Trainee: 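I am attaching a structure below and will ask some questions about it afterwards.
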Amino acid sequence: MLPVVGQAGALSILAQPIWEPHRRAVPCCVAVKDGKGIGVDILSDLNAAQRQAVTAPDGPVLVLAGPGSGKTRVLTRRAAWLIQERGLPPRRIVAVTFTNKAAREMRSRIESLLGEVLGEGLRGFTLGTFHAICARILRREHTHLPVSANYAIYDSADQRAVMKEVVAVDLNLDEKRYSPDKILARVSSLKNELIVPDDFRPGAYYDEIVSRAYRRYQERLVANDALDFDDLLMQTVLLFRDHPDVLARYQHATDYVLVDEFQDTNSAQYALVRMLSSPRNNLFCVGDEDQSIYRWRGADYRNILRLRNDYPDLTIILLEQNYRSTQTILDASRAVIDKNPQRTPKRLFTETPGTSADITIYEAFDEHDEAQFVVDQLAGMVAQQEVEPGQCAIMYRTNAQSRALEDAFIRAGLPYKLVGATRFYGRREIKDVLAYLRTIHNPDDTVSLLRIINTPPRAIGEKTIQALESWASSEGITPGAALLRLAADPGAGPFSGKARSALAGLGALLDAWRQMREVIPLGDLLKLILDETGYLNYHNDGTEAGQERIDNVLELLNVAREYEDVPLPEFLAEVALVSDVDNLSEEANAATLLTLHAAKGLEFDVVFMVGLEEGILPHSRSQDDPEQMAEERRLMYVGMTRARRKLYLIYTFQRSQWGESVLNIRSRFLDDIPDSLLTMARGATTGVGYRQMTTWGLKAEEPRPVGKQIQFRSGQRVVHPRFGEGIVVESRVSGDDEEVTVVFEASGLKRLMASFANMQALDE
DNA sequence: CTGATGGGCCTTTTT
DNA sequence: GGCCCATCAG
C-alpha cells in the first residue's frame, strides 16, 4: 500500500502566481539604506551608448557588449528603468542569466537601485537560468507532460547510468563499441536542436543505433519520473508548441524579456526566447560573439545573426568602451581575437593607459615550475601589497591542470579557492545523500534508489536487487514502489529470509522518512537519514579521504538547514541546477583557481593563464576543425580580458600528461601578440617551435651513467639520416644499448636505440 | 556479500 | 596519473 503523501508541496506551488519564483529562506541583502535619491540614479554614471541601451524604446534590442563594457550594468539598469520609469510590475518581466550567481547578483543590484520605492521588493520577478526557469514551468504544467510534478532532474552521472542500461540491456550491445557517453552526446545535441525520437531520421548505421537508444532512453527517463538537463529546455519548448493555450498564458503574463550572454544560447533557448517575448517582441538581449565558448553544448553565436533576420526592426547598440583593463591588455587581447574570421569588428577602447609591464610571458620548465612561478609571483605581489589575493585568478583549459597548482599552493601554505574539478554536488557522498532525499521524494526514481539501496552496505547485493526488480516488474510497479509494499506487507514477494528482512527494513525506513518529511524541517530529515543509515560512520575509516567525505556531508547538512522552510521538491530542483561558479564564495581572501570556461563574466586584478601550449590551448581535440579552433581562440580572449591590471601568460617546456612526459610547443595564440606589448620573464623566448628547448637542455637532469657510457645528453642537438635535426630530451642506458628520446623538428618526438639510429651529434 | 587488487582505458570545456 | 570495472579471496 502506498502512503498518500506529497500533496502539501504541490499545493504550495500551484498557489503561487504564474511567474512567481520561490523565495529562499536565506536572507538576501536588500540595500535599502543607499542614501541616494530615487529615480535619478538609474541613468547616472552611464556613457552615451549605455544610456541609449538602458532607455531604448520597446521592441527588440540587441546590445553587443565587449568585455568590461558594462554589460551587467546595462542589463540591471534596464530592468530597473523598466520598473521605475515605465511602471512595469516586476512580475511581468522575465530575465535570463547564464548562472544562478549572476541571477542572484542581478536581483540584489536591482533591489539596491530601486531601494525603498519597491515596497515589497522584487516579488514575482522571474529571474534565473534557462534551466531553472524551465524546471519551474514544467513542474507547474506537469499535467501536459509524461512526468509528475515531483520529477527528478538527472545530471550527467544519472544520465550515464540510464544510458548504460539502455545500451547493455535494451539494445543488447557492447558498451565498448557503443559508448554510452558518445550516444548521450548525440542525444544531447538532438535535444538542443529540438529533435524528438520520432523526428530523427538516421542516415548512417551508427545513427540508427543512436535513434533506437534515444527512444529507449526517453522511455526509461519517463519510467523513472525524471528529466535530464536538455529535457528541461526541449520539453518546455514542445509544451509551448503543442499547447498554445499554455503558451498564451505565459505570454499574457510577460511584458518584457531580458537575456544575458545571448551568444551562448542554443536553438532550444532561442526558440524559447522567441515564444515568450512574442507577440509584443519586447526583447532585450545582451551578448558578445567574441565570448561565445559553449559551442560544444549546442550554443551558437549565430543566434545573434538569426536575431537580426528574425527581427528586421531590431535596434542594435554597441558598447565599445572598456572600463576594466589597461590599454596594453586590451591591445593584446584584440591582437588575438582579430585573427578570427567572420566577426563584427569592434573598436574597443579604454581610458586606462598601460605599459608593456602589464603582460608578462614566462616559459616554465614543467608544470611544477609553472605552478611554483605562479605562487612566487603571487606571494611577491601580495607581500608588496600590490594586490589582494582574492583579486587574483589562475586560469587553465582543463580541470586536470589544477592539480599541480593546488600542490604548489598547499606547499607554500597559501589558501586558494578551487572552482570545479571535483564539483561539490558531483561528489560521491553528496550524490549518495541527495539520492536518499530524491528517493524519499520520488520512489519511482530508480537510478537514485539503486544508488542507495546498498549504500552503506546492508546486505542487498546484485542477486537480491535482481529479484526485487523482477518481482516489481511482474507486479507492474517500480522497484521503489515494491520496497514500500514490502514494508507494509513483509510477507509479499518471493524473497529468502535474509534478503526479505534487508529489503523490508529499507522499505520501512523509506516509508517512515516519507511520512516524517511532511512534519519536520529538511535539515532534521537529513540528520535522521544520516543517523538511521549510519552513513557518516560508513565513511569514518580513519583516512583523510574519509574525513573529507564526512565534512562534505556535514556541509550539505548546513545547506539543508538554510532551506528549512523550502519544500523538498524545490530544494532538490535548486540543488540539481547549481553550478560551480554559483558557489564561488566572495568571503575568503584567497586566489581563485578555475577553468577558462568558468571564468566567463568574472574579473580580477591579476590573471595568470597557464598551460598556453599547442594541444592544451588550443586543445588537441580542436585541431582539425576551424570552427572549434575559432572557439579556442575566443577562450584565450575571454581569459585575457578578465584581467584588470596584470596578465601573466605561461607555458611549459615539458609537461606530464597521461603520466608521461610530453614536450609542448607554445600556443600559436601567444605568437599573435606583438612583442612590444610583452615583458619576457626569465626563460621566456620568442619564436615558435622546438628551438626554445635549448634553454632547458642544461637545466634538464643529467642522466646518470649506469655502467655503460652514454653517447647523448639531453639538450644536445643531433641529426638523424631520416628524421633530420632534433634535440635530445632524454637518454638512458637500456640493456647494453642506449635509448635516446629526441624531438625532431619535422616529425616530433621519437624514441630510438643509439646503436641503430646512426645519429650524429651537432656542434653548437 | 564485501573489500582488495590490478588492468585497461582515457580526459575539454558544464547547465 | 586516476577512474572505472572485472576478478578473486575471505
Side-chain angles (χ1 to χ4, degrees), chain A residues 96-103 128-135 153-157 159-161 164 168 175-176 179-182 185 188 191-192 227-234 261 264-266 268-269 292-299 367 395-404 407 419-423 425-426 428 453-465 498-499 502 538 541 573-582 594-600 611 615-623 625 628 631-632 634-636 638-639 655-662:
Chain A
V96 193
T97 58
F98 198 70
T99 61
N100 292 306
K101 180 169 178 256
T129 61
F130 274 107
H131 290 88
I133 291 173
C134 288
I153 299 172
Y154 276 9
D155 70 7
S156 45
Q159 289 180 275
R160 208 157 155 241
K164 280 185 74 145
E175 273 180 50
K176 300 263 156 56
S179 119
D181 288 339
K182 289 225 173 67
S188 170
K191 287 185 177 180
N192 287 330
L227 298 176
D228 66 19
F229 283 131
D230 301 313
D231 276 331
L232 296 179
L233 305 176
M234 179 176 78
E261 307 281 9
D264 281 322
T265 52
N266 62 33
Q269 290 164 334
S292 166
I293 52 174
Y294 285 91
R295 206 180 96 89
W296 49 274
R297 216 168 77 183
E367 73 273 17
M395 301 176 186
Y396 35 83
R397 176 67 230 268
T398 67
N399 279 309
Q401 289 170 260
S402 71
R403 171 152 263 102
D407 286 349
V419 182
T422 34
R423 328 155 49 81
Y425 287 98
R428 195 175 6 152
I453 199 163
N454 199 33
T455 310
R458 51 172 71 87
I460 301 176
E462 198 52 45
K463 286 268 154 57
T464 312
I465 291 171
K498 214 169 133 193
Y538 163 57
D541 54 3
E574 269 198 49
V575 154
L577 295 173
V578 287
S579 68
D580 291 317
V581 195
D582 295 337
L594 75 181
T595 63
L596 289 163
H597 282 88
K600 192 174 72 161
I616 297 179
L617 183 69
H619 198 272
S620 51
R621 302 262 295 238
S622 302
Q623 298 288 355
D625 179 355
Q628 285 195 60
E631 181 142 315
E632 298 289 322
R634 291 193 291 268
L635 218 35
M636 175 84 184
V638 166
R655 171 182 299 276
S656 358
Q657 274 173 296
W658 310 278
E660 72 177 302
S661 214
V662 181

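Note that the coordinates shown come from a computational prediction; the quantities given were computed from them, not determined experimentally. Reminder, nothing fancy here: chain letters follow the sequence lines and each chain counts from 1.
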Trainee: Hunt down any stem DNA chain B takes part in, defined as 3 or more consecutive Watson-Crick or G-U pairs whose two distances are each under 3.5 Å.
Mentor: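 The stems that DNA chain B takes part in, listed by first number, are B:1-9 with C:2-10.
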Trainee: Of the nucleotides dG2(C), dC1(B), dT13(B), which has the atom closest to the Arg403(A) side chain?
Mentor: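 Side chain of Arg403(A) sits closest to dG2(C).
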Trainee: Would a 4.5 Å heavy-atom cut-off, applied to side chains only, mark Thr464(A) and Lys498(A) as touching?
Mentor: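 They are not in side-chain contact.
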Trainee: Mind calculating the distance between CZ (Phe98(A)) and C1' (dT13(B)) to the nearest angstrom?
Mentor: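 The distance from CZ of Phe98(A) to C1' of dT13(B) comes to 11 Å, rounded to the nearest Å.
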Trainee: If I take atom CG in residue Asp181(A) and atom P in nucleotide dC9(B), what distance separates them, rounded to the nearest angstrom?
Mentor: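 The distance from CG of Asp181(A) to P of dC9(B) comes to 15 Å, rounded to the nearest Å.
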Trainee: When all nucleic acid strands are considered with a 4.0 Å heavy-atom cut-off, which category describes Gln401(A): base, sugar-phosphate, or nothing?
Mentor: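 Gln401(A): no heavy atom of the nucleic acid under 4.0 Å.
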Trainee: Rounded to whole angstrom units, what separation is found between the CG atom of Leu232(A) and the P atom of dT15(B)?
Mentor: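 Going from Leu232(A) (CG) to dT15(B) (P), I get 13 Å.
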Trainee: Quick check on DNA chain B: between Arg621(A) and Phe130(A), whose nearest nucleotide comes earlier from the 5' end?
Mentor: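 Its nearest nucleotide lies further toward 5', so the answer is Arg621(A).
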Trainee: So, using ring-ring contact (aromatic ring centres under 6.0 Å, His included) as the criterion, who are the partners of Tyr294(A) when residues are at least two apart?
Mentor: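 Counting only residues at least two positions away or on another chain, Tyr294(A) forms a ring-ring contact (aromatic ring centres under 6.0 Å, His included) with Phe98(A), Trp296(A), His597(A).
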Trainee: Could you report the tightest heavy-atom contact between Ala502(A) and Arg458(A), atom names first, then the distance?
Mentor: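 Smallest heavy-atom distance, with atoms named: CB-O, 3.6 Å.
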Trainee: What are the two closest non-hydrogen atoms of Leu594(A) and Ala599(A), and how far apart are they?
Mentor: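 Result for this residue pair: CD1-CA, 3.8 Å.
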Trainee: Answer yes when Lys600(A) and Glu261(A) have at least one side-chain N-carboxylate O distance shorter than 4.0 Å, and no when they do not.
Mentor: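 A salt bridge links Lys600(A) with Glu261(A).
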Trainee: Pick the nucleotide of DNA chain B nearest each of Thr398(A) and Thr464(A); which residue has the one closer to the 5' end?
Mentor: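 Its nearest nucleotide being more 5', the pick is Thr464(A).
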Trainee: Tell me the interatomic distance from Lys182(A), atom NZ, to dC10(B), atom P, rounded to whole angstroms.
Mentor: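 Atom NZ in Lys182(A) sits about 7 Å away from atom P in dC10(B).
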Trainee: Can a salt bridge be assigned to the pair Lys191(A) and Asp228(A) using a cut-off of 4.0 Å between side-chain N and carboxylate O?
Mentor: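 Judged by the 4.0 Å cut-off on N to carboxylate O distance, Lys191(A) and Asp228(A) do form a salt bridge.
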Trainee: Ignoring hydrogens, what is the shortest heavy-atom contact between Ile293(A) and Leu596(A)? Give both atom names and the distance.
Mentor: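 So the minimum-distance heavy-atom pair works out to CD1-O, 4.4 Å.
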Trainee: Does dT14(B) have OP1 or OP2 sitting under 4.0 Å from an N or O in the side chain of Ser156(A)?
Mentor: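 The answer is no; no side-chain N or O of Ser156(A) sits under 4.0 Å from OP1 or OP2.
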Trainee: The side chain of His619(A) lies closest to which of these nucleotides: dT13(B), dT15(B), dT11(B)?
Mentor: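 Comparing dT13(B), dT15(B), dT11(B) against the side chain of His619(A), the answer is dT11(B).
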Trainee: How long is the line joining CD of Glu631(A) and C1' of dT14(B), in whole Å?
Mentor: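 From Glu631(A) CD to dT14(B) C1': 12 Å.
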Trainee: Grab the CE-P distance between Met234(A) and dT15(B) for me, whole Å please.
Mentor: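 Interatomic distance, CE of Met234(A) to P of dT15(B): 20 Å.
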Trainee: Are the side chains of Met395(A) and Thr595(A) in touch, meaning some heavy atoms are under 4.5 Å apart?
Mentor: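 No - every pair of side-chain heavy atoms lies 4.5 Å or more apart.
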Trainee: For Arg160(A) and dC5(C), what is the distance between atoms CZ and P respectively, to the nearest whole Å?
Mentor: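 Atom-to-atom, Arg160(A) to dC5(C), this comes out as 6 Å.
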Trainee: Taking N or O atoms only and anything under 3.5 Å, show me the protein contacts with nucleotides 2-4 of chain B, one pair per line.
Mentor:
unit_1, atom_1, unit_2, atom_2, d
dT2(B), OP1, Asn454(A), OD1, 3.2
dT2(B), OP1, Asn454(A), ND2, 2.5
dT2(B), OP2, Asn454(A), ND2, 3.1

Trainee: Just N and O in the side chain of Asn399(A): are any of them under 4.0 Å from OP1 or OP2 of dT14(B)?
Mentor: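 Yes, within the criterion.
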Trainee: Treating Gln269(A) as the side-chain partner and Phe130(A) as the backbone partner, does any N or O pair qualify as donor plus acceptor under 3.5 Å?
Mentor: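 No: the side chain of Gln269(A) does not pair with the backbone of Phe130(A).
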Trainee: Find the distance Gln623(A):CD to dT13(B):C1' and express it as a whole number of Å.
Mentor: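 Distance, rounded to whole Å: 16 Å.
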Trainee: Report the nucleotide, chosen from dT14(B), dC5(C), dT15(B), that has the shortest atom-to-atom distance to any side-chain atom of Lys164(A).
Mentor: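 Shortest atom-to-atom distance from the side chain points to dC5(C).
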Trainee: Set out, in order, the CA-CA distance, both residues' side-chain angles and the distance that settles side-chain contact (heavy atoms from CB on, under 4.5 Å) for Arg634(A) and Ser292(A), then state yes or no.
Mentor: CA-CA 7 Å; Arg634(A) 291 193 291 268; Ser292(A) 166; 4.0 Å; yes
